[in-house]
Amino acid sequence: MNNFDLHNHSTASDGLLPAADLVALAARNGCDAVALTDHDTTDGIASGRAAALDLGLKFIAGVEISVSWSPSIEAKSTTLHIVGLGVDIDNAALISGLDSIRQGRFDRAKLMSDDFARVGITGMFDAAYALAENKTMLGRTHFARALVNAKHVTSVGKAFERYLTYGRPGFVPHEWTSLSESIDWIRSAGGIAVIAHPGRYNISKPDMTVLLTEFKELGGAGIEVITGSHTPQQYREYATRAREFGFLASRGADYHGPGESRSEPGKLPLLPNDLVPVWSQLQ
Ligand code: AMP
Ligand code: MN
Ligand code: MN
Ligand code: MN
């Protein structure tokens with residue numbers, strides 16, 4: 001029982017597979033357990049859980065919360081992702097917190113569309129909205145796919161190279177929730193807070209130490225070590241960080257769908273043996 005994959009997306013956020021199909025894929029790939037961790041929503045959990053029950057696969061209700069954080073008052077803020085695992089999706093604090101983030105996403109999407117119009121690309125709000133299966137969860141990925149469909153770029157990856165990122169058309173700075181609130185919502189809902197793909201954040205090593213220290217002080221307990229967003233060198237780097245801070249270690253593909261992700265659920269290397277896996281606290 002150690003092939004747990006604890007970070008995956010469905011059509012409830014910016015994944016391409018419905019939650020039930022994602023769970024079926026995890027089962028086919030030999031997972032012992034799978035977590036669904038959609039961005040800022042738990043709308044896929046019920047159907048994912050039902051599918052897992054049918055397949056005899058252990059299912060963990062999760063969420064990936066968008067956060068703005070900066071290492072000091074003067075420094076500019078960075079977007080972080082905090083995964084909550086084993087959350088009660090009926091918890092009022094979690095529900096209202098996620099609702100407010102998704103409302104912010106809707107407002108951001110309007111501004112993103114305006115920014116595209118500035119460079120002559122019109123109708124982007126409607127195009128992205130049409131591609132979002134969950135009309136309350138609009139993300140940059142929906143815009144990226146809309147750019148591919150309209151032949152502005154040939155792939156989602158290229159869409160994020162030419163558009164949608166800092167300094168490029170379609171990018172709108174956004175203030176997400178705080179690190180402290182995200183952890184509070186997860187813990188109120190009985191879940192474990194895990195820092196998602198730490199290697200992907202554009203922050204210095206000393207600032208990473210500040211982040212991990214603060215995360216732990218605020219009640220964060222886990223860190224992703226093996227993720228589709230890390231290089232093998234980063235597997236080692238964040239295994240070291242897990243030991244240093246006494247964090248529970250997590251592993252997850254961050255799967256979004258066929259052709260859009262480096263790794264399918266259950267296919268990444270296993271966690272190093274000496275780390276305490278976060279799933280030991282999730283049974
Ligand atoms: P958002 O939370 O709406 O700002 O969008 C973040 C999502 O965009 C991530 O979870 C990824 O799914 C996707 N994304 C960000 N950067 C890239 C990239 N370079 N290539 C492909 N997808 C990306
Ligand atoms: Mn995503
Ligand atoms: Mn993420
Ligand atoms: Mn993710």
Side-chain angles (χ1 to χ4, degrees), residues 5-17 19 22 34-44 60 62-69 77-85 98 101-113 115-116 124-125 128-129 131-134 136-148 153-168 170-177 182 194-202 222-224 226-230 250-265 268:
D5 198 299
L6 303 179
H7 188 148
N8 294 285
H9 296 270
S10 75
T11 48
S13 66
D14 60 358
L16 289 169
L17 301 181
L22 183 266
V34 65
L36 181 64
T37 55
D38 276 308
H39 297 284
D40 307 316
T41 181
T42 57
D43 288 354
I60 289 149
V63 65
E64 180 174 22
I65 303 182
S66 311
V67 160
S68 294
W69 178 84
S77 90
T78 308
T79 297
L80 305 177
H81 287 169
I82 304 299
V83 163
L85 295 175
L98 298 181
I101 300 187
R102 294 198 308 280
Q103 180 59 50
R105 285 181 166 280
F106 189 87
D107 300 340
R108 178 187 69 155
K110 294 272 184 192
L111 298 174
M112 286 168 62
S113 191
D115 201 60
F116 276 115
M124 281 299 286
F125 180 88
Y129 189 77
L131 292 177
E133 209 84 21
N134 178 353
T136 79
M137 189 18 253
L138 270 178
R140 280 187 293 159
T141 307
H142 301 113
F143 283 83
R145 290 176 191 146
L147 289 168
V148 175
V153 285
T154 54
S155 70
V156 162
K158 288 236 160 61
F160 278 98
E161 278 171 32
R162 282 200 224 151
Y163 304 97
L164 297 167
T165 50
Y166 185 79
R168 309 254 171 198
F171 182 80
V172 173
H174 190 72
E175 197 59 35
W176 304 101
T177 195
S182 70
V194 177
I195 295 213
H197 43 64
R200 223 170 72 189
Y201 308 130
N202 209 353
I223 187 169
E224 286 185 354
I226 308 289
T227 136
S229 302
H230 282 176
S250 193
R251 165 183 186 255
D254 203 356
Y255 185 67
H256 282 72
E260 286 193 15
S261 293
R262 224 171 57 190
S263 177
E264 286 194 357
L268 288 172

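As the structure lists them, so they are numbered: ligands from 1, and atoms in each ligand from 1. Atom set for the values below is all heavy atoms of this structure, side chains included, hydrogens, waters and symmetry mates excluded.
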From the options L85, V63, L6, select the one residue that forms a side chain to side chain contact (heavy atoms under 4.5 Å, CB included) with T37. L85

The Mn ion (ligand 2) -> D14, closest N, O or S atom is OD2

Atoms of ligand 1 less than 4.0 Å from H39 heavy atoms? 10 (O)

Any side-chain heavy-atom pair from D38 and N134 closer than 4.5 angstrom? no

Backbone or side-chain N or O of W176 under 3.5 Å from ligand 1 N or O: no

Short check: any N/O/S atom of E64 below 2.8 Å from the Mn ion (ligand 2)? no

Would you say the side-chain atoms of H230 pair up with the backbone N or O of G199, donor to acceptor, closer than 3.5 Å? yes

Heavy-atom side-chain proximity of L98 to R102 below 4.5 angstrom: yes

I'd like to check which ligand 1 atoms, numbered from 1 as shown, lie under 4.0 Å from a non-hydrogen atom of H256. 10 (O), 12 (O)

Proximity flag H174 to ligand 1, non-hydrogen atoms under 4.0 Å: no

Is the closest side-chain donor-acceptor distance between S66 and D40 under 3.5 Å? yes

For atom 3 (O) of ligand 1, the closest protein heavy atom turns out to be R108 NH2, 2.6 Å

Side-chain (S68) to main-chain (W176) donor-acceptor, under 3.5 angstrom: yes

Does D14 reach ligand 1 with a nitrogen or oxygen that is under 3.5 Å from one of the ligand's nitrogen or oxygen atoms? yes

May I ask you to check whether over 12 heavy atoms, not counting those of R262, lie within 6.0 Å of atom CZ? yes

Could you give the distance from CG (L22) to CG (N8), rounded to the nearest 0.5 Å? 5.0 Å

Can you tell me if E161 has a non-hydrogen atom under 4.0 Å from ligand 1? no

Side chain or backbone of K158 under 4.0 Å from ligand 1, or both, or neither, by non-hydrogen atoms? neither

L164 and ligand 1 - part of the residue with a heavy-atom distance under 4.0 Å: neither

Ranked by distance from atom 14 (N) of ligand 1, the top protein heavy atom is F160 CZ, 3.4 Å

Kindly indicate, with the supporting measurements, whether the criterion side chain to side chain contact (heavy atoms under 4.5 Å, CB included) is fulfilled by H39 and R140. CA-CA 11 Å; H39 297 284; R140 280 187 293 159; over 6 Å; no

The atom of H256 among N, O or S that is nearest the Mn ion (ligand 2) is NE2

Check: H256 main-chain N/O paired with S261 side-chain donor or acceptor under 3.5 Å: yes

Taking only heavy atoms of G139, which atoms of ligand 1 are found under 4.0 Å from at least one of them? 3 (O)

Would you mind naming the N, O or S atom of D254 nearest to the Mn ion (ligand 4)? OD1

Check: H174 and M112 side chains under 4.5 Å, non-hydrogen atoms: no

What residue and heavy atom of the protein are closest to atom 5 (O) of ligand 1, and at what distance? R140 NE, 3.6 Å

Which is it for R105 and ligand 1 at heavy atoms under 4.0 Å: side chain, backbone, both or neither? side chain

May I ask you to check if any N/O/S atom from H7 comes under 2.8 Å of the Mn ion (ligand 4)? yes

